[in-house]
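Note sheet for the following structure.
A, B, ... follow the sequence lines: proteins, then strands. Residue 1 opens every chain. These values consider heavy atoms only, across backbone and side chains, with no hydrogens, waters or symmetry-generated copies.
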Amino acid sequence: MKIQDTLSKNQKQLDTSGKIRIYVCGVTVYDESHIGHARTIIVFDVLRRYLESKGAWVEIIQNFTDVDDRIINRAKRENVRASAISSRYIDNYYNDFDDLNVIRATKYPKATEHIEDMQNFIKSLVNKKIAYTSKNGVYFSVAKFPEYGKLSKKKIDELLSGARVEVDEAKKDPLDFALWKFSNEDPSWESPWGRGRPGWHIECSAMSIKYLGENFEIHGGGRDLIFPHHENEIAQSESYTSQPFAKIWMHVGMITINGEKMSKSKGNIKSIRHVLESFSSNIIRLFCLSGHYSKPIDYSEDLLQENITKWRQVESCYYEMNLAKGNGPTDEIKKIIIECQNEFNSALDDDLNTHLALSAFFKFINEINQLVASETITKSISDLAIPIFEKMIYIIGLKIPKISDEEIKTINELINKRESLRAEKKFQEADRIRDQISEMGIELIDHKNRTTWMKKEKIQSERH
RNA sequence: GGUGAGGUGGCAGAGCGGUUGAUGCGUGGGCCUGCAAAGCCUAUCUAAGGGGGUUCGACUCCCUCUCUCACCUCCA
């Protein structure tokens, strides 16, 4: 499989026969997660699912930033400890992402639980004279890392000429960034340099190296982290280990709204919880995977709505396959199905092209639905197709709503009752049964000689 | 100002130096149905931001102009 690497600007080959170590920059837990976070995490979730399907042993580490000015500010405002804020939004995070059917990472390390690791990291940089102490804290000296700017393709002097670098007398160089900030307020820890808290970037360097080693396969996150966060991580980590850091830097595009980036400062955030009120995780995942991960996606209810229609085809296809009966030849359809699957896989092999993979998946759906329409679907065919279908939806992370045997029994009884009423041309009564079944969340599908059904997902479009 | 990513049908959005604009949505018509819904079939929409160049041939490569977005401050 190939992945585009931001650092080298080339596609890099991933060896899927062994272990693949991935570090994803997670969220700062000071508020609810939004749909932009969802996209990034879903992309890495699909990557993980796909790599695992190819037999790779994937390890994903995703941090929670639980030391941050925004957390501290919120804690002050609510008059609680910082940890109360972060644990609230960590719980919130798990609820949101479980509902989005995201497989949990191998580990979710927290910054506050790795203070010692960070301090050891900083000590080493201070010993190497790459970091220095000032009156405000310990800073990384960018001048000591000549390759600074290689990830974001920025030149140091151009950064300096930009008027927006923060003015801080205590820093030797305006580009230097904090490894440790002196502070006595909650939360803070003792350190060899004085009481304080870690800077933002150091946690990811310390924790990724701790859990994944000095040179792991993929380091990722949203595009907006390229500078300064990932740039600084490279500077720290490579200064610390004296060797290249991550092999591949993978960055996910932003979700925009009316063409503008979704961000707190613009006040155009759509929280995951908010979107989940109107659209299921299946719809949200299809939406988030509808374009190439590296490009922006514009959020709109219409686009989400469009995916409801797509999803129904998938659902209906699945239920039809499960209700198929009889035996028959499979050679021809087998060829087509395998072709779709190959197309699906090679799309994902090529830099996780989920949109192209989905189009192969929809070709598959259409092939099956054609057989359904022509009443030529058989159990022989569905026995062949269902495992492939299930494999594909697993990789995309879609879930067909489950239904109990008891429910199935009730549904079948009602269908039979309706059939006899229809035979007697008692259509009003038959329609009443259809409504009754509909209230159970089941949609009936009348074919020429038989009636099938599918479980409708709870999707109410709350259009305001 | 610097850096990066882009501008493809009504919408979303891939691929490819050369047969028919992938795939989905939408729209028109049809099949099916007691009616719906779902599904299927079929049709529809003169595509490639503008201008140059390379080439036998460019949407695909190069140059230039232009527009959009992102990053350069915290940000997934």
With 3.5 Å as the limit, what N/O pairs link the protein to nucleotides 21-24 of chain B?
from	atom 1	to	atom 2	distance (Å)
rA22(B)	N6	His355(A)	NE2	3.4
rA22(B)	N1	His355(A)	NE2	3.4
rG24(B)	N2	Glu306(A)	OE2	3.0

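Rounded to whole Å, the separation between the P atoms of rU19(B) and rU60(B) comes to 14 Å. With both ends at atom P, the span from rG52(B) to rA70(B) equals 32 Å, rounded to whole Å. Here, rU8(B) and rU44(B) have their P atoms 23 Å apart, quoted to the whole Å. Remark: the separation of the C1' atoms in rA58(B) and rU68(B) is 24 Å, to the nearest Å. The P atoms of rA22(B) and rG10(B) are separated by 14 Å, rounded to the nearest whole Å. On the P atoms, rU64(B) is 47 Å away from rG28(B), given to the nearest whole Å. Distance noted for atom C1' between rC59(B) and rU46(B): 16 Å (whole Å). With P as the reference atom, rA12(B) and rC69(B) are 15 Å apart, rounded to whole Å.
One donor-acceptor pair, N or O on each side, does fall under 3.5 Å between the base of rA36(B) and the side chain of Asp446(A). For a distance-only test at 3.5 Å, the side chain of Arg434(A) fails to qualify as a donor-acceptor partner of the base of rA37(B).
Under 4.0 Å is where a charged nitrogen must lie from a carboxylate oxygen, and between Glu315(A) and Lys456(A) no such pair does. Ion pairing between a basic and an acidic side chain is recognised when a charged N comes within 4.0 Å of a carboxylate O; Asp435(A) and Arg432(A) show no such pairing. Taking the charged nitrogens against the carboxylate oxygens, Asp68(A) and Arg70(A) do have a contact shorter than 4.0 Å, which makes a salt bridge. A salt bridge links Glu78(A) and Arg88(A); the closest N-O separation between the charged side-chain nitrogens and carboxylate oxygens is under 4.0 Å. Ion pair Glu217(A)/Arg21(A) flagged as a salt bridge, since at least one NZ, NE, NH1 or NH2 atom sits closer than 4.0 Å to an Asp/Glu carboxylate oxygen. In this structure, Asp5(A) does not pair ionically with Lys9(A), as no charged nitrogen and carboxylate oxygen lie closer than 4.0 Å.
Listed nucleotides rG15(B), rA5(B), rC35(B) differ in distance to Lys9(A); the shortest reach to its side chain belongs to rA5(B). Residue Lys448(A) has its side chain nearest to rU33(B) when only rA76(B), rG4(B), rU33(B) are considered. Listed candidates were rA76(B), rC41(B), rU33(B). Nearest to the side chain of Ile255(A) is rA76(B). Nearest to the side-chain atoms of Arg70(A) among the listed nucleotides rA70(B), rG34(B), rA76(B) stands rA76(B). Each of rA14(B), rC74(B), rA38(B) was ranked by its minimum atom distance to the side chain of Ser316(A); first place goes to rA38(B).
Gln428(A) has its CD atom 17 Å from the P atom of rG34(B), to the nearest Å. Atom-to-atom, CZ of Arg422(A) to P of rG34(B) comes out at 6 Å; the value is rounded to the nearest Å. In this structure, Ile218(A) atom CD1 and rA76(B) atom P are separated by 20 Å, rounded to whole Å. Atom CZ in Phe344(A) sits roughly 16 Å away from atom P in rA14(B) (whole-Å rounding). Counting to the nearest Å, the C1' atom of rA12(B) and the CZ atom of Arg39(A) are 13 Å from each other.
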Handout entry: Stepwise salt bridge (Lys or Arg N to Asp or Glu O under 4.0 Å) test for Asp45(A) and Arg49(A)
Key = CA-CA 6 Å; Asp45(A) 184 52; Arg49(A) 288 165 180 264; 2.9 Å; yes

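The aromatic rings of Tyr108(A) and Tyr93(A) lie perpendicular to each other, with more than 60° between the two planes, well past the 30° mark. The aromatic rings of His201(A) and His229(A) lie tilted to each other, with the angle between the two planes from 30° to 60°.
For His230(A) and His219(A), the gap between ring centers is short of 6.0 Å.
Residue Lys295(A) places at least one side-chain N or O under 4.0 Å from the OP1 or OP2 atom of rA14(B). Under 4.0 angstrom from either OP1 or OP2 of rC25(B) there lies no side-chain N or O belonging to Gln305(A).
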Can you give each donor-acceptor pair under 3.5 Å made by side-chain atoms of residues 335-343 of chain A, sequence neighbours left out, with the distance rounded to 0.1 Å?
from	atom 1	to	atom 2	distance (Å)
Asn342(A)	ND2	Ile338(A)	O	3.4
Glu343(A)	OE2	Lys363(A)	NZ	2.7

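Annotation: of the two residues near RNA chain B, Gly253(A) and Lys153(A), the 5′-most nearest-nucleotide partner is Lys153(A). Between Met262(A) and Ser152(A), it is Ser152(A) whose nearest contact on RNA chain B lies nearer the 5' terminus.
Taking a pair as Watson-Crick or G-U wobble with both distances under 3.5 Å, RNA chain B forms stems of 3 or more consecutive pairs at B:1-7 with B:66-72, B:10-12 with B:23-25, B:27-31 with B:39-43, B:49-53 with B:61-65.
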